[in-house]
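Note that ligands are numbered from 1 as they come in the structure, with each ligand's atoms numbered from 1 the same way. Note: hydrogens, waters and symmetry copies are ignored here, and every other heavy atom, side chains too, is used.
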Amino acid sequence: MKSVGQAKRQLPNKFVEQLYDYFPPLLADQILLGYTSQRCPTLRVNTLKADIREIMDELKENNIKFDRVLWYQDALIIKNATEQQLCNLTAYKQGKIYLQSLSSMLPPLILKPKAENIVLDLAAAPGGKTSQMAAMMNNKGKIIAVEINQIRYQRLQYNLNKQGVRNVKTFCADGSRFGKIYPNSFDKVLVDAPCSGEGLFLLTDRSSYRSWHQKLITNSLKIQRRLLTSAVLAAKPGGQILYSTCTINPAENESIIDQVLAKFPGQLELTKIKLQIPGSLPGLTTVNNTELHPTLANSLRIIPSQNYEGFYCCLLTKLSATN
Ligand code: SAM
């Protein structure tokens, strides 16, 4: 059983130092403990091709045990099979299930795209959330999905095709330009931003934290600011923007939101996230002794644990047109 002490020794010193600067000691300990867990594989049923009953039957036939998820009827936690074994299932080969972490299923559930909506996904590959939104919209309405990286863009196209998604138009392009090209246009905008990945660390997988570096955070901050600004410009008045990351770093989360609130004074409102996720916390309203906008408490933090990757979600409503 790995301990907090071992996490402190194994993870980059600078990261551990920052963790205890940002968070009270007990919470920092809890985060480190979360990195010592072995997470079970999780999957989402692709409701464009299958329903949960059919998938549970196939799992039972293959002696694969699973748990349901209280807050999402289409998610399953797999108890006794690896991701590799799940990839051998017929359901996987036919695109009826998608392997996706529980935390990463949250942004579409919070954004709630509807069948008649026009949706923009500004950082889309490999397409987990794009395809989840397409399923929630029953392949109706329209999703514009943007990905800058050519190889990841191909993966996005492959995954959408495999899952029978037909309401998405993809672009291999820089999402930060879309706000100016399509101002005040979209009902819902998702920014699942590139980040330092601090929510994904696992002590058992050196590759999850080996490339962590202060420079990675500095670079991510620039892209996060640009993508979120683009999202705000692209949303319709009355439209909603969901900003998410798989990092626990407040600089990449609450501080980015605070900066965009200051950039568009009076034009954005933080909408309270009502989903009840075990072990989740409200967003921070103070970072390193700096007071942030008090409504940041309406955003949602997920602390890394046995079932969850560390994650952050913030839902913004655009109150008036931008120019
Ligand atoms: N939403 C995806 C999913 O659920 O499968 C995961 C997105 S991942 C966290 C962030 C993605 O943003 C990466 O694929 C990265 O290549 C892409 N990206 C980075 N900068 C971008 C930009 N300026 N415009 C569009 N995509 C960008």
Using side-chain heavy atoms (C-beta onward) and a distance below 4.5 Å, is Cys172 in contact with Gln154? no
Check the side chains of Ser207 and Asp205 for a donor-acceptor pair under 3.5 angstrom, ignoring hydrogens and angles. yes
Would you say the ring centers of Phe15 and Phe201 fall short of 6.0 Å from each other? yes
So which pairs with a foot in residues 129-173 pass ring-ring contact (aromatic ring centres under 6.0 Å, His included), sequence neighbours left out? Phe171-Phe178
Look at Lys318 together with Glu269 and state whether they make a salt bridge at an N to O cut-off of under 4.0 Å. no
Under 3.5 Å, N/O to N/O: give me all the pairs between ligand 1 and the protein, one per line with atom names and distance.
{"residue": "ligand 1", "atom": "1 (N)", "partner": "Ala123", "partner atom": "O", "Å": "3.0"}
{"residue": "ligand 1", "atom": "1 (N)", "partner": "Asp192", "partner atom": "OD2", "Å": "2.8"}
{"residue": "ligand 1", "atom": "4 (O)", "partner": "Lys129", "partner atom": "N", "Å": "3.2"}
{"residue": "ligand 1", "atom": "4 (O)", "partner": "Lys129", "partner atom": "NZ", "Å": "2.9"}
{"residue": "ligand 1", "atom": "5 (O)", "partner": "Pro126", "partner atom": "N", "Å": "3.4"}
{"residue": "ligand 1", "atom": "5 (O)", "partner": "Gly127", "partner atom": "N", "Å": "3.0"}
{"residue": "ligand 1", "atom": "5 (O)", "partner": "Gly128", "partner atom": "N", "Å": "2.9"}
{"residue": "ligand 1", "atom": "14 (O)", "partner": "Ala125", "partner atom": "O", "Å": "3.4"}
{"residue": "ligand 1", "atom": "14 (O)", "partner": "Glu147", "partner atom": "OE1", "Å": "2.7"}
{"residue": "ligand 1", "atom": "14 (O)", "partner": "Glu147", "partner atom": "OE2", "Å": "3.3"}
{"residue": "ligand 1", "atom": "14 (O)", "partner": "Arg152", "partner atom": "NE", "Å": "2.5"}
{"residue": "ligand 1", "atom": "14 (O)", "partner": "Arg152", "partner atom": "NH2", "Å": "3.1"}
{"residue": "ligand 1", "atom": "16 (O)", "partner": "Glu147", "partner atom": "OE2", "Å": "2.6"}
{"residue": "ligand 1", "atom": "23 (N)", "partner": "Asp174", "partner atom": "OD1", "Å": "2.8"}
{"residue": "ligand 1", "atom": "24 (N)", "partner": "Gly175", "partner atom": "N", "Å": "2.8"}
{"residue": "ligand 1", "atom": "26 (N)", "partner": "Ile148", "partner atom": "N", "Å": "3.3"}

Please determine, by modelled atom types, if Thr271 and Thr317 share a side-chain donor-acceptor pair under 3.5 angstrom. yes
